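Sequence positions, counted from 1, serve as the residue numbers for this chain. FYI, side chains are in, hydrogens and waters are out, and symmetry mates aren't considered; it's all heavy atoms of this structure. Just so it is clear, the structure is predicted and the values come from calculations on it, not from any experiment.
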Amino acid sequence: REMGRGMRSGRLQKRTKAPPELPGFNPKGTDSRMATLVNFFLPDSLPEGSPERRLGYLSIMMALIIMAATIVYSALYVRWGFYSGIAVLWGSAAAFFFVPVLTASGAAPSIGAKLTSVNMFVLVSLLMVLDGGVASQAAPWLVIAPLTGLLLAERWFAGLLAGISAAEIISIHALGAAGVVSFPYGVAEGMVGEARAVSYAGFVGVVFVIALIFKGRQEEAMQSANAATEEARAQKEEAEKMAERLEKQKSSVEKQVEEATQELQAQKDALSEHVSQMLEAMSRFADGDLSVRVRTDRDDEIGDLFDGFN
């Protein structure tokens with residue numbers, strides 16, 4: 001029974017233990033305005049601390065960050081004279097806003113995760129076409145789409161985006177080199193250097209943030225594994241202690257059984273001896289020996305029987 005209670009207690013602790021949180025993930029939404037905003041779109045149907053809620057949180061957060069970035073870049077595009085890119089940025093911002101809206105409406109967080117990656121791919125692809133093809137200041141950003149897919153979605157989806165991105169770059173270069181399609185620069189000629197510098201600096205910053213999130217998830221996985229190992233070790237030690245107690249109880253019971261068996265054997269031997277005495281006395285009495293007596297110092301039923309015979 002003790003072992004059963006211990007094992008049930010261990011399983012209960014395992015079920016009720018709060019899972020580790022992702023970096024920046026605040027289930028209660030009290031630490032930052034971003035957390036409050038993101039949690040506003042998370043439906044109550046997603047359990048607190050669940051993997052689905054974490055995925056929804058990351059997808060919405062990435063979508064909102066990219067939306068904010070498109071607004072900032074819109075102001076820069078005005079400075080650089082890239083007016084066609086402004087329309088693309090605002091259209092993409094509207095598309096990214098569908099991620100929190102869909103999640104809030106009850107759609108699976110995995111849908112929002114994939115939509116975030118696809119929107120990023122389409123955004124960068126359009127900017128490349130409108131601004132010099134593979135020479136565009138937006139070209140390096142194409143790698144963000146598969147990275148986002150790897151962060152938010154399954155590996156196969158990230159691999160698919162990576163393959164499509166590579167094929168797109170090769171196709172755009174081949175079409176431009178063959179003269180089939182012309183990709184004019186959308187950024188004003190005198191602002192190309194500044195546009196590339198700002199774009200590359202932003203690209204490095206975004207890659208660094210994604211790397212931090214990956215690192216955080218790796219550390220979370222290590223913490224979860226260590227916690228599971230510690231819990232398993234504690235349960236093993238508890239089971240060993242229970243087994244030791246049971247072994248002691250077993251030894252105690254075996255000793256008690258052995259003592260009881262010896263006592264019963266002693267009582268059996270004593271009873272046999274007294275029966276033999278009584279039978280011998282009755283035999284002598286039957287032969288006419290009226291002086292026969294049986295001696296006993298017992299103060300129990302056998303003693304009463306011997307006294308009655310005497």
Side-chain angles (χ1 to χ4, degrees), residues 14-70 89-126 141-165 168 206-207 209-221 223-225 228:
K14 184 175 183 180
R15 287 196 299 269
T16 57
K17 181 179 178 182
E21 299 175 359
L22 289 176
F25 180 75
N26 176 17
K28 300 185 182 301
T30 56
D31 290 345
S32 67
R33 294 179 181 177
M34 173 60 77
T36 302
L37 179 60
V38 172
N39 279 282
F40 173 79
F41 291 102
L42 289 174
D44 295 334
S45 58
L46 296 177
E48 293 287 347
S50 64
E52 292 79 11
R53 192 174 183 87
R54 290 195 188 97
L55 178 59
Y57 185 97
L58 275 179
S59 300
I60 295 174
M61 182 179 67
M62 292 290 292
L64 294 178
I65 290 175
I66 296 174
M67 286 177 58
T70 57
L89 290 178
W90 281 94
S92 299
F96 278 110
F97 188 67
F98 275 106
V99 174
V101 170
L102 286 175
T103 305
S105 64
S110 58
I111 296 178
K114 292 181 175 65
L115 182 59
T116 301
S117 304
V118 172
N119 285 345
M120 190 66 193
F121 172 79
V122 174
L123 168 61
V124 178
S125 298
L126 290 176
W141 288 82
L142 198 61
V143 74
I144 302 298
L147 282 180
T148 305
L150 186 61
L151 177 64
L152 301 177
E154 298 84 355
R155 291 183 179 179
W156 68 265
F157 185 77
L160 178 62
L161 284 179
I164 295 176
S165 299
E168 178 183 358
V206 170
V207 171
V209 170
I210 294 177
L212 283 179
I213 297 177
F214 273 112
K215 182 64 175 179
R217 299 188 72 171
Q218 182 184 29
E219 292 176 352
E220 176 202 355
Q223 292 174 359
S224 299

Under the salt bridge (Lys or Arg N to Asp or Glu O under 4.0 Å) rule, what pairs show up with a residue in residues 99-125, not counting sequence neighbours?
Lys114-Glu154

So, taking the atom named [atom1] in [X] and the one named [atom2] in [Y], what distance separates them when rounded to the nearest 0.5 Å?
{"X": "Phe96", "Y": "Ile60", "atom1": "CZ", "atom2": "CD1", "value": "14.0 Å"}
{"X": "Thr148", "Y": "Ile66", "atom1": "OG1", "atom2": "CD1", "value": "5.5 Å"}
{"X": "Asn39", "Y": "Leu46", "atom1": "CG", "atom2": "CG", "value": "10.5 Å"}
{"X": "Ile164", "Y": "Phe121", "atom1": "CD1", "atom2": "CZ", "value": "5.5 Å"}
{"X": "Ile111", "Y": "Thr116", "atom1": "CD1", "atom2": "OG1", "value": "11.5 Å"}

Val38 vs Leu58 side-chain heavy atoms within contact, under 4.5 Å:
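No, too far: nothing below the 4.5 Å cut-off.
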
Do Asn119 and Phe97 have side-chain heavy atoms sitting under 4.5 Å apart?
no

Identified side-chain contact (heavy atoms from CB on, under 4.5 Å) counterpart of Leu64 within the set Met62, Met67, Met61
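Of all the options given, the one that passes is Met67.
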
Decide if atom CZ of Phe40 counts as having more than 12 heavy atoms of other residues, nucleotides or ligands within a radius under 6.0 Å.
no

Atom CZ of Phe98 with >12 non-hydrogen neighbours under 6.0 angstrom:
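No.
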
Might you work through the side chain to side chain contact (heavy atoms under 4.5 Å, CB included) test for Trp141 and Leu123, ending with a clear yes or no?
CA-CA 9 Å; Trp141 288 82; Leu123 168 61; over 6 Å; no

Indicate the atoms forming the closest heavy-atom contact of [X] with [Y], along with that distance.
{"X": "Gly56", "Y": "Pro109", "value": "N-CB, 3.7 Å"}
{"X": "Val99", "Y": "Ser59", "value": "CG1-O, 3.9 Å"}
{"X": "Ala113", "Y": "Leu55", "value": "CB-CD1, 4.0 Å"}
{"X": "Leu150", "Y": "Ala158", "value": "N-CB, 3.4 Å"}
{"X": "Ala93", "Y": "Thr70", "value": "CB-OG1, 3.6 Å"}
{"X": "Tyr57", "Y": "Leu42", "value": "N-CD2, 3.8 Å"}

Which residue pairs pass the side-chain hydrogen bond (donor to acceptor under 3.5 Å, both in side chains) test when at least one of the two sits in residues 91-108, sequence neighbours left out?
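Matches after skipping sequence neighbours: none remain.
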
Given 3.5 Å as the limit, does a donor-acceptor pair link the side chain of Arg53 with the main chain of Pro43, or not?
yes

Applying side chain to side chain contact (heavy atoms under 4.5 Å, CB included), run through Leu161 and Leu147 and close with a yes or a no.
CA-CA 9 Å; Leu161 284 179; Leu147 282 180; over 6 Å; no

Can you name the side-chain contact (heavy atoms from CB on, under 4.5 Å) partners of Ala211, sequence neighbours left out?
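With neighbours one apart ignored, the set is empty.
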
